[in-house]
Amino acid sequence: MSFQKTPMKLPIYLDHHATTPVDPRVLEAMQPYWTQECGNPASGHVFGWKAKQAVEKARAQIAQLLAGAREEEIFFTSGATESNNTALKGAAERYAERGGHLITVATEHKAVLDVCHYLETRGFTVTYLPVDALGRLNLQDLEKAITDKTFLISVMHANNEVGVIHPLAEIGRIAKEREILFHVDAAQSAGKIPLNVEAWGIDLLSLSAHKLYGPKGVGVLYVRQNKPHVRLSPLLHGGGHEHGLRSGTLNVPGIVGLGKACEIAGAEMPEESRCVRALRDRLEKGLKQNLDRIYVNGDAENRLPHNLNISFAYVESESLLMAINESIAVSSGSACTDGSADTSHVLKALRVPPERLHTALRFGIGRFNTAEEIDFVIQKVTETVRKLRAMSPLYEAAQKGGDRRGFH
Ligand SMILES: *Cc1c(COP(=O)(O)O)cnc(C)c1O
């Protein structure tokens, strides 16, 4: 890769599903827009024009990453949470006459599930599709769930805990046949794996800059403008920015950063994906060589190249996290419920055995991680798991051949 890898420093950041560091090239692109290029893109003078030009350049960079998207289909928001809210609530209001039914998946992010729960309190009905033990969706379940009242199908591209990738092309085809809007939460996949809104029949798509080495607090909602021309009610009313869909002065530095982040991600995706996959596989292999009774959660085939969600039987994830957190930053599930220690709704939906439910760690490898760091992590996690298991009477009993429940 074109940048210099930094020497190993502790703690090691391996929580790239929660957020990513801003790429130095992104920071550099943003720099002028905090100070000398201070214009409001809505202003009719040279400062405003230059800001508007920068915003439009970003729109083009983002549209390019989404393949088949046009610039006028890119709407800026504060992040994927807002994009998901706008997509679901905005469509619910405009398409309610269709009968008020929407379909989503049990393993979606809270920024979709909680919006669905809210919509249920407003009289809408929601089907939460189950997944199998590997986190995969059954397309026949989807087809069976569709009724003539269904106005929207919302399925994430890749899961933020287990990294499972859903078959968007097939889902899009089903949605198109039934003339149902198709929304995709692509916060985890955008910039990591290829996306194609045109080929896959996506009508609405959410992404977030801080998940792809851009700044926090800026995101995009892609809204199809042609076949069909999707119409959404806005959440925010005001100056009529973004064609009335999202009022409020545009976050110019953030938008410039998101544009640059998309450009870099698009250009370097094949190479970067090879690098992070190699590190992920090195980590998985190293841990499996050293430790018995560890289990990868989610589909081993169709998953994000940088994701490894792994259960260490007989070791509570909270104890393991506590024991390693001075040197390694990972998480036991998603960071998206604000640090709460609730059990993962994703692992529950996969119906993993209880011994695996409370013993999972999610590793998220990133652009700037190195093989040296991964080797340190293998070493540290191995030592810690062995130490914690040495204090576990259950593990000892299992070693003597007693307990094989759910550990195959
Ligand atoms: C991070 C994330 C979000 C929320 O994005 P924000 O920009 O932080 O609001 C939504 N969905 C998924 C799948 C995510 O990973």
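Just so you know, ligand 1 is whichever comes first in the structure, and atom 1 is the first atom listed for that ligand. All values reported here derive from a predicted model rather than from experimental measurement.
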- Task: Go through the steps for Thr125 and His101 under the test side-chain hydrogen bond (donor to acceptor under 3.5 Å, both in side chains), then give the verdict.
- Result: CA-CA 5 Å; Thr125 51; His101 176 239; 4.8 Å; no
- Message: Quick test of your reading of the model: are Arg303 and Asp299 salt-bridged, counting only N-O distances below 4.0 Å?
- Response: no
- Item | Basic-acidic side-chain contact under 4.0 Å: Arg386, Glu383 | no
- Heavy-atom proximity to atom 3 (C) of ligand 1, best of Gln188, Lys216, His109: His109
- Task: Select the closest option to atom 9 (O) of ligand 1 among Asn159, Asn84, Thr81, judged by heavy-atom distance.
- Result: Thr81
With atoms numbered from 1 as shown, which atoms in ligand 1 lie under 4.0 angstrom from a non-hydrogen atom of [X]?
{"X": "Ser208", "result": "6 (P), 7 (O)"}
{"X": "Met156", "result": "13 (C)"}
{"X": "Gly79", "result": "7 (O)"}
{"X": "Asp185", "result": "10 (C), 11 (N), 12 (C), 13 (C)"}

- Query: Based purely on interatomic distance, does Glu82 place a nitrogen or oxygen under 3.5 Å from a nitrogen or oxygen of ligand 1?
  - Reply: no
- Query: Would you say Ala80 has any N or O atom under 3.5 Å from an N or O of ligand 1, going by distance alone?
  - Reply: yes
- Item | Contact with ligand 1 for His210, non-hydrogen, under 4.0 angstrom | yes
- Message: On the six-membered ring of Tyr314, is Arg293 placed so that its NZ or CZ lies under 6.0 angstrom from the centre and within 45° of the ring axis?
- Response: no
- Item | Lys176 NZ/CZ over Phe182 ring centroid, <6.0 Å and within 45° of normal | no
- Message: Tell me whether the count of non-hydrogen atoms from other residues, nucleotides or ligands lying under 6.0 Å of CD in Glu97 goes above 12.
- Response: yes
- Plane angle bin for Phe75 and His243 - parallel if under 30°, tilted between 30 and 60°, otherwise perpendicular: perpendicular
